[in-house]
Peer 1: 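Okay, handing you the structure first.
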Amino acid sequence: MEVFQGKASFKGVAIGKIAEMKKADTVVRRTHVDDVDAEIARYHAGKEMAQKEIMELHDKALKEVGEAQAEIFEVHAMFLDDFDDSVENIIREQSVNAEYAVATTADNTAAMLAAMDDNPYMQARQTDVKDVADRVIRDMNGGSGSGNNFTEQVILVADDLAPSETVQLDKSKVLAFVTRGGSTNSHTAILARTMNIPALCQTPVPANVDGKMGIVDGFKGCIIVDPDEETLKQYKEQAAAEEEKKRLLRELKGKETVTKSGRKIKLYANIGGIGDLNFVLENDAAGIGLFRSEFLYLQSNDYPTEEEQFKAYRTVAEMMAGKEVVVRTLALGFRAIRICLTRPEIFKTQLRTLYRASAFGNIDIMFPMITSVWEVQQAKKYCEEVKKELHDQNIPFKDVPLGIMIETPAAVMIADELAEEVDFFSIGTNDLTQYTEAIDRQNQKLEKFFNPHHPAILREIQMTIDAGHRHNTWVGICGELGADPTLTEQFVKMGIDELSMSPSSILPVRKIIREMD
Amino acid sequence: MTFTYLVNDPKGMHARPAGVMAATAKEFASDITVEYGGEKVDMKKILPLMGLPMKKGGTFTVTIEGEDAEAAEAAIRRALNDIDF
């Protein structure tokens, strides 16, 4: 058993036989020709045929991956027009065969692209140039397929895959793509995402893997060659679970989260950064229930500038296209809101960016670790100050809904008073459990006493929901308990309005809710 | 004749604008060049065009010489505006 680590460009698990991509043989010899005009005509015939084929690939790609990705083939066809002068010149000046002239032109062009080391996009076009040149050379000699006709489903391994190669493959036979080169933005990666199959790039797989058993783990970004029984068994179970998830995805994507009697629940996603957005959209979350803003602060040693923060919030607001995005203000260091109220300059910068970003979508602001009404009033005072500043500076913003996390027993006890102050509550069950049961999360000895299903927690949740509803404040859960499938039904019956969880839990929970009365 | 154009595409130069520019230029007999950052290339050739490191906010100069220069200028301007480059 050997493991090779690469970069995942699409998550998922695939198990099957490995097949090495066979490249068409394009060894080019330099030979002398007497009739250069005939040779030039031969080049043009091959080029025309190649351009026609490339446009056929364009039409196929249009159906498979869409216009934005298909466009590259039109560009490829145009590359060949650029070849004319150089190819004709080489044939005429050196009295050589067209194949040699095309290969030399492609090499020169690729070398020019390789030299553009400040432009990775252009460097990546080298593969494309060689690919179109190979096609012309093949077509001048009657053309031939790539010989990649698989009889069973395989994990396809290749040095790199040109767009033309991936488009020509029989996709029903491909379980996963693994390339030794390539990038996560390649055509192959995009195709894999559309096909919902795992793909790895930059993976140092040796040359002798053809025909061996393999496992592609798109979560860890590795391929396991010749796995042992135990590993194989473990991955088969994981693959079955993945398959079930995909089935749910097909069945439940785009459907409402609503019980049979018509009660709608807002099923939202928890995210830690912009990188999670794809996953949110993929799993069809109706909004973001907890956007942890700490990542912005953890990435830099210093506090992030207003512009850095603004860009991140604006991106999320825009990507979610009008869906609700609840951003939790800084929850670092000495306990959350207290850092905000002790260092108002940091807090106000964050509020300012959030209000600015609010003009680009549907943002809510949520304050963490609240224990008193005073804290909420103080935070709201800063919001008013920020709004006034923005108004005076003619910067657009919306009147953002404000909410708080209910994650201390104190907040539960005074939930009625707090509900008068805010538009929503989100129950943070992780901290609430810790403080209610006197469990220090850092102390491992206490782990066995930790009971997330303790009746005290469930009663606190009920108290919070009831208090919220008495004051028209919606109530959600954004802690781990929110994704617990054994409690979903109970939460809905208790009157919960929103559940926010990691994106991968959304569809299974939607399934449970849709099956409820 | 010459005219200048301000790049508005956040991605800067890439395959699509290069393709559109080359395809449009090829429709005309005039010699057409694009100059950016001191580098001058034939607009009818896509590869050298793609090699120009154009960024949003940068300006390039198009020079057209030939009998159909006027028609070419109009067509190129229209093509650039159409793709919002």
Side-chain angles (χ1 to χ4, degrees), chain A residues 51 54-55 58 61-62 66-89 105-133 162-164 185-187 190 311 314-315 318, chain B residues 7-60 62 64-66 68 72 75-76 78-85:
Chain A
Q51 285 181 323
I54 293 170
M55 289 318 286
H58 169 267
L62 200 60
E67 198 181 340
Q69 294 305 317
E71 224 167 57
I72 190 73
F73 291 108
E74 283 181 303
V75 172
H76 284 181
M78 294 179 76
F79 281 175
L80 286 176
D81 287 333
D82 278 11
F83 278 28
D84 289 359
D85 290 349
S86 164
V87 171
E88 288 176 23
N89 188 46
T105 302
D107 282 346
N108 291 343
T109 310
M112 177 197 94
L113 295 171
M116 300 172 66
D117 44 16
D118 56 342
N119 191 337
Y121 176 81
M122 291 304 290
Q123 283 194 320
R125 303 278 77 75
Q126 287 178 70
T127 326
D128 302 5
V129 167
K130 294 214 164 158
D131 181 52
V132 292
S164 67
N185 288 316
S186 70
H187 185 87
I190 291 155
K311 224 174 119 191
R314 177 183 166 163
T315 305
E318 285 181 337
Chain B
V7 180
N8 186 41
D9 190 325
K11 283 196 282 183
M13 177 53 82
H14 56 109
R16 180 171 157 77
V20 168
M21 285 164 82
T24 313
K26 275 183 204 168
E27 288 171 20
F28 299 92
S30 292
D31 289 326
I32 309 175
T33 57
V34 176
E35 192 175 348
Y36 181 84
E39 227 179 308
K40 196 172 194 171
V41 303
D42 183 352
M43 198 189 212
K44 295 179 184 178
K45 292 189 185 270
I46 186 170
L47 280 161
L49 264 184
M50 281 172 75
L52 293 177
M54 289 183 187
K55 300 261 158 27
K56 182 184 162 89
T59 304
F60 62 87
V62 179
I64 314 173
E65 275 165 30
D68 55 3
I76 293 165
R78 196 175 334 113
L80 290 168
N81 284 328
D82 278 353
I83 56 166
D84 198 21
F85 179 57

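Fair warning: this is a prediction, and the values are worked out from it, not measured in the lab. All chains are named by letter (A, B, ...) in the order of the sequence lines, taking the proteins before the strands, and each is independently numbered beginning at 1.
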Peer 1: So which part of B/K44 gets closer than 4.5 Å to some heavy atom of chain A, the side chain, the backbone, both or neither?
Peer 2: backbone
Peer 1: More than 12 heavy atoms of other residues, nucleotides or ligands under 6.0 Å from NZ of B/K11: is that the case?
Peer 2: no
Peer 1: Look only at the side chain of B/E65 and the backbone of B/D31, and say whether a donor-acceptor pair between them is shorter than 3.5 Å.
Peer 2: no
Peer 1: Say whether A/H76 and A/D131, considering side chains only, have a donor N or O and an acceptor N or O under 3.5 Å apart.
Peer 2: no
Peer 1: Go through A/D82, A/L113, A/T109, A/V129 and name the one with the most non-hydrogen pairs under 4.5 angstrom from chain B.
Peer 2: A/D82
Peer 1: Quick one: does B/D68's side chain have a donor or acceptor within less than 3.5 Å of a partner on B/F28's backbone?
Peer 2: no
Peer 1: Measure distances from A/E74 to the heavy atoms of chain B and classify the residue's part below 4.5 Å as side chain, backbone, both or neither.
Peer 2: neither
